[in-house]
Amino acid sequence: MAWGGENTQRTLASWLIGGLILGVSLLGFRFALPQYKKKKRPIRVYMDGCFDMMHYGHCNALRQARALGDQLVVGVVSDAEITANKGPPVTPLKERMIMVGAVKWVDEVIPDAPYAITEDFMRMLFDQYNIDYIIHGDDPCVLPDGTDAYALAKKAGRYKQIKRTEGVSSTDIVGRMLLCVRERSTDDSHNRSSLQRQFSHGHSHKSEEGGSGSGTRISHFLPTSRRIVQFSNGKGPGPDARIIYIDGAFDLFHAGHVEILRLARGLGDFLLVGIHSDQTVSAHRGAHRPIMNLHERSLSVLACRYVDEVIIGAPWEVSKDMITTFNISLVVHGTVAEDNDFQKEKHNPYAVPINLGIFKLLESPLDITTSTIIRRIVSNHEAYQKRNERKGESERRYYEAKTYVSGD
């Protein structure tokens with residue numbers, strides 16, 4: 001009986017040890033298998049706009065919107081909707097689509113978006129595009145009938161707000177151009193000052209050359225290192241990267257600029273863009289250029305997905321030292337530009353890369369220059385003047401209420 005009890009105990013012990021070994025084995029097998037976790041759906045946010053005469057303020061809005069989600073879908077308002085609600089656009093839908101699609105923070109673009117979010121369009125955004133939130137700036141977006149364009153999104157609890165970038169608007173840029181054109185055509189100080197008051201909306205422009213009517217009028221936009229870092233890629237070229245260099249004023253950054261940058265980027269691994277200083281642009285394009293100052297132009301270029309790095313205040317002439325310092329493999333220039341007579345100049349700015357056999361002239365995809373944009377404004381002066389007057393009062397009230405320029 002004692003022996004049987006001892007045998008039973010041994011049997012139980014064996015079972016316990018065997019069970020323990022089996023349990024540990026199964027546990028190890030479980031952890032050895034790949035763990036499949038349910039993939040979290042990306043948060044998709046939507047932002048719309050006219051994006052007419054797109055500038056760094058638009059780009060900063062898109063950057064902020066993208067930070068509120070994982071994917072940014074952007075609706076570009078149709079030409080007809082803009083005309084009905086604000087007046088004729090300066091840039092047609094095709095060009096505005098190119099501009100928005102080239103912004104590095106944009107993942108998807110919807111053409112012909114409505115000016116106001118309707119019930120049907122909002123449902124389409126939620127169901128077809130899987131949009132989680134609709135984004136807009138903290139400036140008011142009021143329809144002609146006085147209602148809020150984003151009332152439905154707010155009511156649905158799917159609205160989020162970002163801070164507007166102070167110091168620039170399409171209205172203000174149109175005003176700068178009209179002001180410069182007026183200054184060139186008349187010396188009537190009364191007309192000049194009244195036009196400036198009408199379009200500047202509190203953002204007075206000063207002359208680079210001391211305050212007279214002549215000279216380039218630039219904004220009071222003050223860049224910070226933080227803003228430049230926010231727009232920068234933050235990555236340098238690899239050790240064996242083929243570095244492409246292109247330079248220019250890139251004033252009133254437009255679809256023609258975007259398309260030539262796209263072609264240039266396709267020729268190498270890293271696109272370095274030289275942006276000429278205000279003084280250099282004025283010296284070669286006239287006293288009333290540039291419309292946008294150096295840092296405004298730099299931010300617009302930096303926001304472009306095809307651009308890897310910029311030289312702020314690049315020299316007019318591409319020197320051997322510059323080519324060596326930046327390890328430039330190829331210097332390119334578009335066939336469509338403000339001044340394409342550089343080969344006839346006594347001091348050809350591209351003489352060094354031409355002699356080194358590293359210069360290439362690229363066929364520009366679009367026949368658009370900064371002058372093209374200015375001519376559009378001038379040719380339809382009265383329509384744009386009425387457009388600005390329509391929007392001016394609400395913008396004026398908005399700016400007067402702001403006493404602090406945010407760095408967000």
Over 60° means perpendicular and under 30° means parallel, so classify the ring planes of Phe253 and Phe250, tilted if in between.
-> tilted

Side chains of Glu259 and Ile98 in contact at under 4.5 Å (non-hydrogen atoms) | yes

For residues Leu267 and Leu362, determine if any side-chain heavy atom of one lies less than 4.5 Å from a side-chain heavy atom of the other.
-> yes

For the residue pair Leu330 and Val332, establish whether any side-chain heavy-atom pair is separated by less than 4.5 Å.
-> yes

Looking at Glu95 and Arg376, does any basic side-chain N land under 4.0 Å from a carboxylate oxygen?
-> yes

Are the charged groups of Lys235 and Asp308 less than 4.0 angstrom apart, N to O?
-> no

Any side-chain heavy atom of His347 sitting closer than 4.5 Å to one from Glu317?
-> yes

Side chains of Val103 and Arg63: does their closest heavy-atom pair fall under 4.5 Å?
-> no

Residues Lys86 and Glu81 bridged, charged N to O under 4.0 Å = no

Validation row: Phe231, Asn60 side chains within 4.5 angstrom (heavy atoms) | yes

What about the rings of Tyr350 and Trp316, do their centers lie closer together than 6.0 Å?
-> no

Closest approach of Thr83 to Pro89 (non-hydrogen atoms, all atoms of both residues) | OG1-CD, 3.6 Å

Sorted by chain and number, sequence neighbours left out, side-chain contact (heavy atoms from CB on, under 4.5 Å) with Asn327 holds for Ile243

Nearest heavy-atom contact between Phe270 and Gly236 is CE1-C, 3.6 Å

Any ion pair linking Asp132 and Arg41 (charged N to carboxylate O, less than 4.0 Å)?
-> yes

Taking atom types as modelled, find out whether Asn233 and Lys104 have a side-chain donor-acceptor pair closer than 3.5 angstrom.
-> yes

So does Tyr115 have more than 12 non-hydrogen atoms from other groups sitting under 6.0 Å from OH?
-> yes

Is the number of heavy atoms from other residues, nucleotides or ligands under 6.0 Å of Asp127 CG greater than 12?
-> yes

For His136, what residues pass the side-chain hydrogen bond (donor to acceptor under 3.5 Å, both in side chains) criterion, not counting sequence neighbours?
-> Tyr150

Verify, without hydrogens or angle tests, whether Arg158 (side chain) and Met122 (backbone) share a donor-acceptor contact under 3.5 angstrom.
-> no

Taking everything shown except Lys154 itself, do over 12 heavy atoms lie less than 6.0 Å from its NZ?
-> yes

Report yes or no: do Ser371 and Arg289 form a side-chain donor-acceptor pair below 3.5 Å?
-> yes

Are Arg305 and Trp105 side-chain neighbours, meaning at least one heavy-atom pair lies under 4.5 Å?
-> no

Will you find, in the side chains of Asp251 and Thr370, an N or O donor that is under 3.5 Å from an N or O acceptor?
-> no

Salt bridge between Arg96 and Asp79, side-chain N to carboxylate O under 4.0 Å?
-> yes

Phe51 vs Leu62 side-chain heavy atoms within contact, under 4.5 Å = yes

Yes or no on side-chain contact (heavy atoms from CB on, under 4.5 Å) for Leu272 and Ile244, after CA distance, side-chain angles and deciding distance?
-> CA-CA 6 Å; Leu272 176 63; Ile244 311 299; over 6 Å; no

Asp247 side chain vs Ile275 backbone, donor-acceptor pair below 3.5 Å = no

